Amino acid sequence: MCTKCTGLCCRYFAHPLDDPEDWDDFDDIRWYLAHEDVSVFVEDGDWYINVKNKCRHLSEKDYKCAIYDKRPKICRGYTEDTCDLTGDNYDYDLHFVNDTQMEEYMKIKFGQKVFEKLEKKKANKSKTRNKKK
Ligand code: SF4
Ligand code: SF4
């Protein structure tokens, strides 16, 4: 099957995140999501960050791995059976593709007023810091 594929599984990586608990944790995720080609998803209750960035060893000529014999363990464990080409569509509990979506989620989770209050507090803090310089 890989011979018919352009190496979809070699064009990103996903990494588990600690489950966010409070405002600051969610705000950190909002910051991740402010970056291009980053998304965050929740699957079976676990949070992951996904970075769309091609592996440097994927050949664009034949879409093969240039270091196949010494490819990392995580690549060896990946199988065609449930991969990006052949598997079912992902069934995410939540999926954020930008910081605006996280902002909306935080407004619902923490309430609009809490959001404004905290943003104001942070703005005041940074003003104080700037004055001290
Ligand atoms: S494992 Fe799946 S996604 Fe990865 S190269 Fe093979 S067919 Fe494509
Ligand atoms: S090392 Fe090879 S198999 Fe692993 S992600 Fe890169 S190109 Fe794909």
Side-chain angles (χ1 to χ4, degrees):
M1 190 58 71
C2 293
T3 51
K4 294 182 187 155
C5 178
T6 55
L8 296 179
C9 58
C10 306
R11 295 178 182 275
Y12 69 90
F13 62 88
H15 192 72
L17 293 172
D18 289 339
D19 291 354
E21 287 172 1
D22 59 15
W23 171 274
D24 283 343
D25 295 340
F26 281 94
D27 203 40
D28 284 347
I29 293 177
R30 185 166 69 97
W31 175 63
Y32 302 151
L33 288 164
H35 294 76
E36 288 178 4
D37 298 328
V38 168
S39 60
V40 168
F41 63 90
V42 181
E43 197 173 44
D44 298 331
D46 295 323
W47 289 70
Y48 297 86
I49 185 166
N50 185 297
V51 178
K52 216 166 116 189
N53 201 348
K54 186 180 90 65
C55 173
R56 65 180 85 246
H57 300 296
L58 176 68
S59 160
E60 284 294 5
K61 279 189 207 142
D62 55 9
Y63 307 120
K64 286 187 179 161
C65 174
I67 58 160
Y68 191 77
D69 290 340
K70 56 172 184 172
R71 68 197 187 286
K73 184 174 63 163
I74 199 160
C75 308
R76 292 169 191 274
Y78 202 75
T79 72
E80 288 179 0
D81 308 337
T82 54
C83 75
D84 292 280
L85 187 70
T86 60
D88 293 337
N89 285 338
Y90 290 109
D91 190 17
Y92 298 135
D93 310 338
L94 291 167
H95 189 204
F96 303 96
V97 297
N98 58 48
D99 54 320
T100 309
Q101 289 179 348
M102 177 49 77
E103 193 174 322
E104 291 307 313
Y105 182 78
M106 289 166 76
K107 278 179 193 162
I108 294 164
K109 192 171 177 60
F110 296 100
Q112 174 72 28
K113 284 204 172 124
V114 181
F115 190 92
E116 284 165 6
K117 213 168 131 185
L118 283 166
E119 287 297 288
K120 215 169 160 183
K121 208 169 145 189
K122 281 186 183 171
N124 287 343
K125 250 191 196 171
S126 90
K127 264 190 212 157
T128 318
R129 234 181 274 136
N130 288 341
K131 272 186 192 163
K132 282 181 185 167
K133 282 183 187 170

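Note that ligands are numbered from 1 as they come in the structure, with each ligand's atoms numbered from 1 the same way. Here the structure is a predicted model, which is why all the values come from computation and not from measurement.
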Show me which atoms of ligand 1 lie under 4.0 Å from any heavy atom of Cys9. 1 (S), 3 (S), 4 (Fe), 5 (S)

Is there a donor-acceptor pair under 3.5 Å between the side chain of Lys120 and the backbone N or O of Asn124? no

From the options Cys83, Cys5, Cys75, Gly7, select the one whose nearest heavy atom is closest to atom 8 (Fe) of ligand 1. Cys5

May I ask you to list the atoms of ligand 2 that are less than 4.0 angstrom from any heavy atom of His57? 7 (S)

Determine the interplanar angle of the His95 and Tyr92 rings, folded into 0 to 90°, and report it as parallel if under 30°, tilted if 30 to 60°, perpendicular if over 60°. tilted

Going by the atom numbers of ligand 1, which of them fall below 4.0 Å from some non-hydrogen atom of Cys2? 1 (S), 5 (S), 6 (Fe), 7 (S)

Per-atom contacts of ligand 2 with Pro72, taking only distances under 4.0 Å to non-hydrogen atoms: 1 (S)

Write out the residue and atom name of the closest protein heavy atom to atom 2 (Fe) of ligand 2, then the distance separating them to 0.1 Å. Cys65 SG, 2.4 Å

Salt bridge check, Arg11 against Glu60: does any charged N sit closer than 4.0 Å to a carboxylate O? yes

Quick check: do Met106 and Trp23 have side-chain heavy atoms less than 4.5 Å from each other? yes

For Cys55, the ligand 2 atoms with a heavy-atom partner under 4.0 Å come out as 1 (S), 5 (S), 6 (Fe), 7 (S)

Mind checking whether atom 4 (Fe) of ligand 1 has an N, O or S of Cys10 under 2.8 Å? no

Expected output: side-chain Asp28 to main-chain Asp25 donor-acceptor under 3.5 Å: no

Would you say Gln101's side chain and Val97's backbone share a donor-acceptor pair under 3.5 angstrom? yes

By number and element, which atoms of ligand 2 are closer than 4.0 Å to a non-hydrogen atom of Leu58? 7 (S)

Whether Phe26 and Trp47 hold their rings parallel, tilted or perpendicular, with breakpoints at 30° and 60°: perpendicular

